[in-house]
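Accompanying notes for the structure given below.
Note on naming: letters A, B, ... go to the chains in the order of the sequence lines (proteins, then strands), and numbering restarts at 1 for each one.
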Protein chains: 2
Amino acid sequence: MTERKRRKPGETRDKLMNAALELVGKGRHFASLGIREVTRQAGVVPTSFYRHFRNMDDLGLQLVDELGLVLRRMMREARANVLQADRLMDESVAIFISHVQQNRSFFVFMAQGMAGESRAVQEGIRSELRFFASELGNDLRRLRLVDHLNDGDLELTCDLVVRTVAFSLTDLIGVSPEDDYQIEQIRKRTTRFLQLIFVGAAHWRTGEQAPLSS
Amino acid sequence: MTERKRRKPGETRDKLMNAALELVGKGRHFASLGIREVTRQAGVVPTSFYRHFRNMDDLGLQLVDELGLVLRRMMREARANVLQADRLMDESVAIFISHVQQNRSFFVFMAQGMAGESRAVQEGIRSELRFFASELGNDLRRLRLVDHLNDGDLELTCDLVVRTVAFSLTDLIGVSPEDDYQIEQIRKRTTRFLQLIFVGAAHWRTGEQAPLSS
DNA sequence: GCCACTTGTGTACATTCGTTCACATAACGT
DNA sequence: ACGTTATGTGAACGAATGTACACAAGTGGC
């Protein structure tokens with residue numbers, strides 16, 4: 001075999017992964033899914049599962065890989081759309097929320113996996129978040145927005161930003177995808193969180209901070 | 001019945017809830033636990049389960065209630081030990097981590113439940129976090145540490161603090177409870193997160209923030 | 001054209017599951 | 001003391017589960 005070998009456009013492997021995502025999107029937790037359940041949702045006989053995955057954890061790991069692609073797409077779009085720095089946070093949060101809406105099941109899976117059953121999936125997602133924070137740091141450096149921060153403090157700030165956005169996932173998956181009002185509230189709140197963090201970063205000086213003294 | 005009626009010191013109800021927690025602490029995800037599995041772990045016959053819970057979701061809800069007690073104990077200890085304001089964040093994070101170590105399963109359950117299967121459990125945990133943030137706001141007001149913030153901005157800050165600490169749960173449950181070095185790293189990092197947030201709060205002015213301008 | 005291999009299917013089996021029912025026993029109100 | 005209620009037990013069921021094996025069908029290389 002040389003390269004692509006997908007014999008049919010609708011591969012069973014993709015059908016199974018999509019089936020798992022659909023179930024997760026319908027409110028089920030990934031850890032509670034069974035092999036038979038997934039194959040049933042995919043319209044495939046249970047035995048086919050083993051042609052592509054060793055067990056459900058394996059499927060979860062491959063879902064994490066696809067999740068990585070989704071996140072990279074989102075990052076690319078963010079970089080393309082954030083032209084002027086003064087709208088950086090507004091735009092970024094909006095793009096994030098838009099992608100969550102568009103790929104809801106993927107992000108629900110991500111939120112579940114962070115405290116999930118499989119240690120490997122956990123580590124995979126955390127690795128994606130680390131990568132995201134690292135790229136964010138590069139971008140901020142390139143835009144010359146954080147010249148007063150050393151590398152360690154920049155990394156700290158970006159990590160906190162990524163965590164804050166990731167946590168807002170738990171808000172987003174708690175409201176109906178059509179509840180535009182609630183989603184707008186979450187968007188505004190998340191943006192304000194980031195503003196608060198960046199105000200902190202702007203006044204941050206390496207070394208001991210005089211705590212709580214304004 | 002008037003008040004206490006526990007016929008035996010080891011009630012079956014507690015045995016079941018503890019059994020579920022033990023399984024969660026052993027790495028299992030709550031959403032994947034079955035009734036038989038829990039009763040087996042508790043050393044009880046499966047039928048006994050229905051004497052106390054209607055289903056697993058019900059047990060989860062009652063676990064959330066107990067989790068509330070754990071959190072309130074932690075809050076009380078924090079209030080008692082944080083005497084001088086200059087060590088506020090250090091002490092609070094240390095107390096948090098100590099309680100997580102002490103009640104590991106409970107907090108793993110909490111981390112799982114945030115993106116869990118049962119909407120009711122999700123809402124219960126979020127409600128606990130809201131309460132926690134609200135109490136934190138009261139304390140900061142009482143200590144006169146945030147006089148320059150209006151109520152809305154104080155609430156915003158406290159929410160972000162609680163989220164940040166809650167997110168560090170996913171770090172804590174990812175390392176072995178005996179890995180003191182890693183835990184110390186998490187403690188220091190979480191503390192620095194909070195310092196960053198409070199530096200932001202100290203320089204926060206209501207209304208539009210000039211983003212990223214130092 | 002043929003052979004090796006990947007992929008999908010059907011059947012099958014032992015386990016486990018959730019849930020029900022009838023029955024025992026201990027606790028409490030009165 | 002007695003009856004009512006709460007709590008625990010055992011056996012049993014139908015259904016669902018994970019996994020194995022044998023077989024069909026399509027594919028690529030030669």
Side-chain angles (χ1 to χ4, degrees), chain A residues 1-24 26-63 65-66 112 116-118 120-121, chain B residues 1-24 26-63 65-66 116-121:
Chain A
M1 75 200 70
T2 56
E3 191 48 28
R4 304 255 153 193
K5 63 171 175 179
R6 44 178 55 204
R7 57 189 71 215
K8 275 190 262 175
E11 282 243 53
T12 303
R13 200 188 94 108
D14 295 352
K15 281 203 281 187
L16 288 170
M17 295 177 72
N18 286 331
L21 279 183
E22 288 164 23
L23 290 169
V24 165
K26 285 214 170 312
R28 302 290 314 278
H29 196 291
F30 183 80
S32 77
L33 297 183
I35 289 177
R36 286 188 109 100
E37 195 177 3
V38 173
T39 57
R40 196 182 313 126
Q41 172 80 17
V44 172
V45 89
T47 335
S48 289
F49 183 90
Y50 297 97
R51 298 294 184 189
H52 307 275
F53 313 101
R54 294 212 315 282
N55 46 45
M56 282 299 293
D57 276 9
D58 189 19
L59 192 154
L61 273 182
Q62 307 205 29
L63 274 181
D65 290 343
E66 268 206 37
Q112 290 181 354
E117 186 157 48
S118 156
V121 168
Chain B
M1 78 199 71
T2 58
E3 191 48 29
R4 304 254 153 191
K5 64 169 172 179
R6 43 178 56 203
R7 56 189 71 213
K8 274 189 262 175
E11 283 243 56
T12 302
R13 199 189 95 108
D14 295 352
K15 280 204 281 188
L16 288 170
M17 296 178 71
N18 286 332
L21 280 183
E22 287 164 23
L23 290 170
V24 165
K26 285 214 171 315
R28 301 289 314 278
H29 196 291
F30 183 80
S32 77
L33 297 183
I35 290 177
R36 286 189 109 100
E37 195 178 4
V38 173
T39 57
R40 197 181 313 128
Q41 173 80 18
V44 173
V45 88
T47 331
S48 289
F49 183 89
Y50 298 97
R51 298 293 185 193
H52 307 277
F53 314 100
R54 295 211 314 282
N55 47 43
M56 283 299 292
D57 276 10
D58 189 18
L59 191 152
L61 273 182
Q62 306 206 30
L63 274 181
D65 290 343
E66 269 207 39
E117 189 157 48
S118 157
R119 189 60 58 101
V121 167

Hey, could you give me the CG/CD distance between B/L16 and B/E11, rounded to the nearest 0.5 Å?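 Reported value, rounded in 0.5 Å steps: 10.5 Å.
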
Can you check whether B/S48 has a side-chain N or O nearer than 4.0 Å to OP1 or OP2 of D/dT9?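 Yes, such a contact exists.
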
Does a side-chain N or O from B/H52 land closer than 4.0 Å to OP1 or OP2 of D/dA6, or not?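 So the side-chain polar atoms of B/H52 never come under 4.0 Å of the phosphate oxygens OP1 or OP2 of D/dA6.
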
With sequence neighbours excluded, residues passing side-chain hydrogen bond (donor to acceptor under 3.5 Å, both in side chains) with [X]:
| X | answer |
| --- | --- |
| A/H29 | B/H29 |
| A/R13 | A/Q62 |
| A/Q112 | none |
| B/S118 | none |

Please figure out whether A/N55 or A/R51 has its closest DNA chain D nucleotide nearer the 5' end.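 Whichever sits nearer the 5' end wins; that is A/N55.
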
Nearest-Å distance for atom pair [atom1]/[atom2], residues [X] and [N]:
| X | N | atom1 | atom2 | value |
| --- | --- | --- | --- | --- |
| B/F53 | D/dT7 | CZ | P | 11 Å |
| A/E11 | C/dT6 | CD | P | 14 Å |
| B/R13 | D/dA6 | CZ | P | 15 Å |

Any heavy-atom pair between the side chains of A/V24 and A/L33 that's under 4.5 Å?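 In contact.
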
Can you confirm whether B/L63 sits close enough to B/F30 that some side-chain heavy atom of one is under 4.5 Å from a side-chain heavy atom of the other?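 B/L63 reaches B/F30 side chain to side chain.
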
Five pairs at each end of the helix from C/dG1-D/dC30 to C/dT30-D/dA1: take the axis at both ends and give me the angle between them to 10°.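 Here the local axes at opposite ends form an angle of 30°.
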
From C-beta outward on B/P46, which listed nucleotide comes closest to its side chain: C/dT11, C/dT19, D/dT9?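 Comparing C/dT11, C/dT19, D/dT9 against the side chain of B/P46, the answer is C/dT19.
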
Listing, residues 40-56 of chain A side-chain donor-acceptor contacts under 3.5 Å, not counting sequence neighbours, or none:
from: A/Q41; atom 1: NE2; to: A/E22; atom 2: OE1; distance (Å): 2.6
from: A/N55; atom 1: OD1; to: A/D57; atom 2: N; distance (Å): 3.2
from: A/N55; atom 1: OD1; to: A/D58; atom 2: N; distance (Å): 2.9

Please list each protein N or O that sits under 3.5 Å from an N or O in nucleotides 15-18 of chain C, with the distance.
from: C/dC17; atom 1: OP2; to: B/R40; atom 2: NH2; distance (Å): 2.4
from: C/dG18; atom 1: OP1; to: B/I35; atom 2: N; distance (Å): 2.9
from: C/dG18; atom 1: OP2; to: B/I35; atom 2: N; distance (Å): 3.0
from: C/dG18; atom 1: OP2; to: B/R36; atom 2: N; distance (Å): 2.8
from: C/dG18; atom 1: N7; to: B/R36; atom 2: NH1; distance (Å): 2.5
from: C/dG18; atom 1: O6; to: B/R36; atom 2: NH1; distance (Å): 2.7

